[in-house]
There are 2 protein chains.
Amino acid sequence: MEVNNIIDHLTQHGVKPSPQRLNIYKYLIEEKNHPTVDTIFKDLIGAMPTLSKTTVYNTLKLFIDKGVAKVINIENNETRYDADTSIHGHFKCEKCLKVFDINIDMSEIKTLDISGFLIKETHFYLKGICKKCRSD
Amino acid sequence: MEVNNIIDHLTQHGVKPSPQRLNIYKYLIEEKNHPTVDTIFKDLIGAMPTLSKTTVYNTLKLFIDKGVAKVINIENNETRYDADTSIHGHFKCEKCLKVFDINIDMSEIKTLDISGFLIKETHFYLKGICKKCRSD
DNA sequence: ATTAATTTTGCAACAATTACAATAATGTAA
DNA sequence: TTACATTATTGTAATTGTTGCAAAATTAAT
């Protein structure tokens, strides 16, 4: 995505694009690694030496509120973030620890037990061993 | 489930049924509230006044290892536990905070992107407002 | 009964996250 | 521009869920 498009996208969602926010958002969409706060912080501190970890937390919370990012909750001690807000699933490899995107067809899922329930968020993930790690 | 059945079930999975383990497991299957460690501890400390929170942690970790319980990870700051180890999903109501079980047909899901991947765990959950809370 | 092995317990340590107040940056109106 | 108001960023302290660890208690074995 072009920088101008990013600025538009954030602005349209009510996120004022400060330098920190821009860099964090760019990082989220360019590195498709579903990073943790710590990863984001460590990868950006070089380019923005004054960056504070609190800012990363604040910014991600803002992104979630404004709907330009989503939380991925696979392990209870590592919250990850994803700028892809479409409904999709994840696969976490227990060996290389990478998180992969997977497409899912949710139409088959919304069923029986929860008729009358209002669904706001859909989360799906698998854990196991990825193809590459199995052959290593 | 009868107590003897519970003992058999735990034993068959390699869990020696101490009083603490028995009570925690019974709590898990009787109260279908998908409790947190804190909830379990607070609800059992009356009946077992010497119970330690560390024991609850240890016991649940053992249950997971031995396959008689599963982790439910919906919020990043509240790990919940479930003695139903079959593949099923959950719905968390944002208003009353209850967690409901939902049946899912996983055959529709395992797809494309992850051919060749070894799947060990399947997790699915929704968030929203439950029927009762919508009508209140 | 002694000894060995396992389980439980309490407390300290740790790590992720949040609260909060101070500082910095930005926007606005004269 | 200058002065003022608003918003964003930062650093530190506090909080919370979890784990590490060694001592005490319980259970099993000889």
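Every chain is numbered from 1 and lettered A, B, ... according to where its sequence line falls, protein lines coming before strand lines.
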Whole angstrom value for the distance that separates C1' of D:dA8 from NZ of A:Lys16: 9 Å
Taking only Lys NZ, Arg NE, NH1 and NH2, and the carboxylate oxygens of Asp or Glu, determine whether B:Lys42 and B:Asp38 approach each other closer than 4.0 Å. yes
Expressed as a whole number of angstroms, how long is the span from A:Glu75:CD to D:dT19:C1'? 16 Å
Between D:dA8 (P) and A:Ile24 (CD1): distance, integer Å: 13 Å
Please report, rounded to the nearest Å, how far the P atom of D:dT18 is from the CD atom of A:Glu78. 15 Å
From CG of B:Asn23 over to C1' of C:dT9, roughly how many Å is that when rounded to an integer? 16 Å
Side-chain contact check for B:Asn76: nearest option of C:dT7, D:dA8, C:dT17 is C:dT17
Per A:Thr79 side chain, nearest of listed nucleotides C:dT17, D:dT9, C:dT7: C:dT17
Considering the terminal five base pairs at each end of the helix from C:dA1-D:dT30 to C:dA30-D:dT1, what angle separates the two local helix axes, rounded to 10°? 10°
Which part of the nucleic acid does B:Asp38 contact within heavy-atom distance under 4.0 Å: base, sugar-phosphate only, or nothing? nothing
Would B:Asn73 and A:Glu75 count as a side chain to side chain contact (heavy atoms under 4.5 Å, CB included) here? Give the steps. CA-CA 7 Å; B:Asn73 240 305; A:Glu75 313 291 344; 5.7 Å; no
Can the ring centroids of B:Tyr125 and B:Phe91 be said to lie less than 6.0 angstrom from one another? no
Near DNA chain C, which residues from residues 60-68 of chain B have a heavy atom under 4.0 Å away? none
Just the rounded figure in Å: distance from C1' of D:dA8 to CG of A:Leu10. 15 Å
Sorted by number, residues from residues 47-57 of chain B placing a heavy atom under 4.0 Å from DNA chain C are B:Thr50, B:Leu51, B:Ser52, B:Thr54, B:Thr55
Crowded around B:Lys95 NZ? As in, over 12 foreign heavy atoms under 6.0 Å? yes
Would you mind checking if A:Glu94 and B:Lys120 are paired as a salt bridge, meaning a charged N to carboxylate O distance below 4.0 Å? yes
Give the ring-plane orientation class for B:His13 versus B:His9, where under 30° counts as parallel, over 60° as perpendicular and anything between as tilted. tilted
For A:Phe63 and A:Tyr25, I'd like to know if the aromatic rings sit close, meaning centre-to-centre distance below 6.0 Å. yes
Do any side-chain nitrogens or oxygens of A:Gln20 fall under 4.0 Å of OP1 or OP2 in D:dT10? yes
Output yes when A:Glu78 and A:Lys92 qualify as a salt bridge under the 4.0 Å nitrogen-oxygen rule, no when they do not. yes
Just how far, in rounded Å, is C1' of D:dT12 from CG of A:Asn58? 14 Å
Should the pair A:Lys132-A:Asp136 be classified as a salt bridge under the 4.0 Å nitrogen-to-oxygen rule? yes
Look at A:Thr36 and C:dA16 and indicate whether a side-chain polar atom (N or O) is within less than 4.0 Å of OP1 or OP2. no
Please walk me through it: do A:His88 and A:Asp101 pass side chain to side chain donor-acceptor pair (under 3.5 Å)? CA-CA 7 Å; A:His88 64 286; A:Asp101 286 311; 3.1 Å; yes
Side chain A:Lys70, main chain A:Ser86, donor-acceptor under 3.5 Å: yes
To the nearest 0.5 Å, what is the distance between CD1 (B:Ile104) and NE2 (B:His123)? 10.5 Å
Taken to the nearest whole Å, CZ/B:Arg21 to C1'/D:dT26 is 12 Å
